[in-house]
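In each ligand, atom 1 is the first atom listed, and ligand 1 is the first ligand listed. None of these values were measured; they are calculated from a predicted model. Note: hydrogens, waters and symmetry copies are ignored here, and every other heavy atom, side chains too, is used.
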Amino acid sequence: MALKTPAEIEQMRPAGRFVAHVLTSLRAYAQVGMTTNDLDAHARGLIEEAGARSVYLGYHPSFGAMPYPGVLCTSVNDHALHGLPSDRVLADGDVLSIDFACDVEGWVADSALTFQLGTTTPEAQRLIDTTERALAAGIAAAQPGARMGDVSAAIGRVGRQAGYGINTDFGGHGVGRTMHEEPHVPNDGRAGSGPRLKPGLVIAIEPWFMAGGSGYVIDDDGWTIRSADGSPAAHAEHTVAITKRGPLVLTARD
Ligand code: MF3
Ligand code: CO
């Protein structure tokens with residue numbers, strides 16, 4: 001797993017700031033009655049304006065049935081991850097996750113957030129808040145000299161205590177010149193186990209929980225991950241650099 005120098009971590013800041021800015025803008029822009037394609041188009045405009053480059057568009061890992069068609073993942077309600085932007089119209093009370101990664105000046109940052117549109121419900125808010133708390137716990141555990149299992153255990157503990165379905169597929173990952181690098185960052189694990197976190201390691205930490213059970217199914221599109229029981233899901237993600245002085249959240253939104 002490649003380590004970045006302090007100078008390289010500085011070079012990653014514009015990507016982190018841009019990804020944070022796009023998510024903040026999308027959150028303000030998203031309204032009931034819009035389609036998820038409208039959100040994707042809004043993000044495309046921001047990318048073009050900034051001279052940035054989408055790392056989703058055309059991305060074709062082994063698990064995708066076709067090259068990825070958008071610049072965002074937009075996952076609504078029971079869609080947990082990798083929801084394709086479409087002509088689906090957003091409805092009152094929808095739980096919307098937006099995941100966005102982008103290349104700025106040759107470095108990638110990756111971040112996601114979940115929020116409810118229109119009328120909020122306590123159950124959905126609890127799910128979203130728990131995912132955010134798990135992300136915060138994972139970040140707090142990402143100290144130099146700690147181990148990956150400390151991050152994973154911190155995430156899993158928060159989800160389990162809340163009684164949610166935790167599936168350890170599709171966790172976090174290293175980030176750098178490309179979106180997906182070593183190491184894998186599992187969303188549950190044993191404290192004190194796994195590789196040591198050294199200054200210079202940059203990882204995306206990304207808990208996703210389902211309100212019901214831990215099973216998921218993959219849609220016919222080959223991308224969209226849905227909860228098997230139809231329960232809503234939430235996802236939160238930041239790109240975090242481990243530095244000598246502790247974790248630095250490159251995609252922090254203000
Ligand atoms: N950003 C997602 C992740 O957090 C991956 C998106 S896959 C893509 O790892 F195909 F949409 F790019
Ligand atoms: Co990611």
Side-chain angles (χ1 to χ4, degrees), residues 1-2 12 15-16 18-20 22-23 26 36-37 39-41 43-44 47 52-76 79-86 88 96-104 107-114 131-132 134-135 138-139 142 148 151-152 155 166-188 201-210 216 218-226 233-242 247 249-253:
M1 71 183 102
M12 292 184 76
F18 179 68
V19 166
V22 170
L23 288 176
L26 284 163
T36 50
N37 274 335
L39 302 178
D40 199 70
R44 283 180 199 237
I47 292 169
R53 185 179 65 84
S54 171
V55 292
Y56 283 10
L57 200 59
Y59 184 58
H60 199 178
S62 51
F63 62 82
M66 50 168 164
Y68 198 78
V71 302
L72 301 176
C73 297
T74 52
S75 306
V76 183
H79 296 181
L81 296 171
H82 306 159
L84 307 188
S86 72
R88 177 184 183 137
L96 172 66
S97 299
I98 305 177
D99 190 345
F100 177 60
C102 201
D103 179 313
V104 177
W107 295 97
V108 176
D110 187 0
S111 184
L113 86 179
T114 301
T131 312
E132 291 286 346
L135 174 57
I139 293 169
M148 190 61 81
V151 174
S152 301
I155 292 169
I166 304 172
N167 193 297
T168 51
D169 291 356
F170 307 100
H173 47 90
V175 188
R177 293 284 186 189
T178 61
M179 169 168 60
H180 288 147
E181 301 185 351
E182 291 301 316
H184 180 55
V185 184
N187 281 337
D188 200 6
L201 184 66
V202 180
I203 50 175
I205 302 177
E206 48 177 317
W208 64 284
F209 298 142
M210 297 176 279
Y216 69 84
I218 303 177
D219 248 31
D220 291 340
D221 62 24
W223 279 103
T224 311
I225 307 295
R226 280 192 291 121
H235 178 211
E237 175 175 18
H238 275 306
T239 297
V240 180
I242 285 112
V249 182
L250 293 169
T251 48
R253 298 183 296 274

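Protein heavy atom nearest atom 9 (O) of ligand 1, with residue, atom name and distance: H180 NE2, 2.7 Å. With respect to atom 11 (F) of ligand 1, the closest heavy atom belonging to the protein is C73 SG, 3.2 Å. If you check which protein heavy atom lies closest to atom 12 (F) of ligand 1, you get Y56 CD1, 3.0 Å. Taking atom 8 (C) of ligand 1 as the reference point, the nearest protein heavy-atom neighbour is Y59 CD2, 3.8 Å. In this structure, atom 4 (O) of ligand 1 lies nearest to the protein heavy atom E206 OE2, 2.7 Å. When only non-hydrogen protein atoms are considered, atom 2 (C) of ligand 1 lies nearest to D99 OD2, 3.2 Å.
For the Co ion (ligand 2), the set of protein N/O/S atoms nearer than 2.8 Å consists of D110 OD2, H173 NE2, E206 OE2, E237 OE2, ordered by chain and number.
Close contacts between ligand 1 and W223 involve ligand atoms 10 (F) [criterion: under 4.0 Å to a heavy atom]. Numbered from 1 in the order shown, with element, the atoms of ligand 1 that lie under 4.0 Å from a heavy atom of D110 read 1 (N), 3 (C), 4 (O), 9 (O). Heavy-atom contacts of H173 reach the following atoms of ligand 1: 3 (C), 4 (O), 9 (O) (cutoff under 4.0 Å).
Although no hydrogens or angles enter the test, the distance criterion places a donor-acceptor pair under 3.5 Å between the side chain of W223 and the main chain of M66. A donor-acceptor contact shorter than 3.5 Å links the side chain of T36 to the backbone of S86. With hydrogens and angles disregarded, no donor-acceptor distance shorter than 3.5 Å links the side chain of T251 to the backbone of V19. Under a 3.5 Å cut-off, the side chain of D99 and the backbone N or O of A112 do not form any donor-acceptor pair. Remark: side-chain polar atoms of H235 are not paired, donor with acceptor, to backbone N or O of A80 under 3.5 angstrom. Although no hydrogens or angles enter the test, the distance criterion places no donor-acceptor pair under 3.5 Å between the side chain of D219 and the main chain of D221. A donor-acceptor pair is defined here as one N or O able to donate and one able to accept, closer than 3.5 Å; no such pair exists between the side chain of N187 and the backbone of T168.
To the nearest 0.5 Å, atom CZ of residue F18 and atom CG of residue L23 are 10.0 Å apart. Here the straight-line distance linking atom OG of S97 with atom CG of L72 works out to 12.0 Å at 0.5 Å rounding. Residue L201 holds its CG atom at 5.5 Å from CD1 of I203, rounded to the nearest 0.5 Å. We find the CG-CG distance between D103 and D110 to be 12.0 Å, quoted to the nearest 0.5 Å.
At a 3.5 angstrom cut-off on N or O pairs, H235 does not count as close to ligand 1. Of the N or O atoms in E237, one or more lie within a sub-3.5 Å distance of an N or O in ligand 1.
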Which pairs would a plain distance check flag for residues 58-65, meaning a side-chain donor or acceptor within less than 3.5 Å of a matching protein atom at least two apart in sequence or in another chain?
from: Y59; atom 1: OH; to: H180; atom 2: ND1; distance (Å): 2.7
from: H60; atom 1: NE2; to: G64; atom 2: O; distance (Å): 3.2

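Ligand 1 is never approached by A101 to a heavy-atom distance shorter than 4.0 Å. Within the 4.0 Å heavy-atom shell around ligand 1 one does not find F170.
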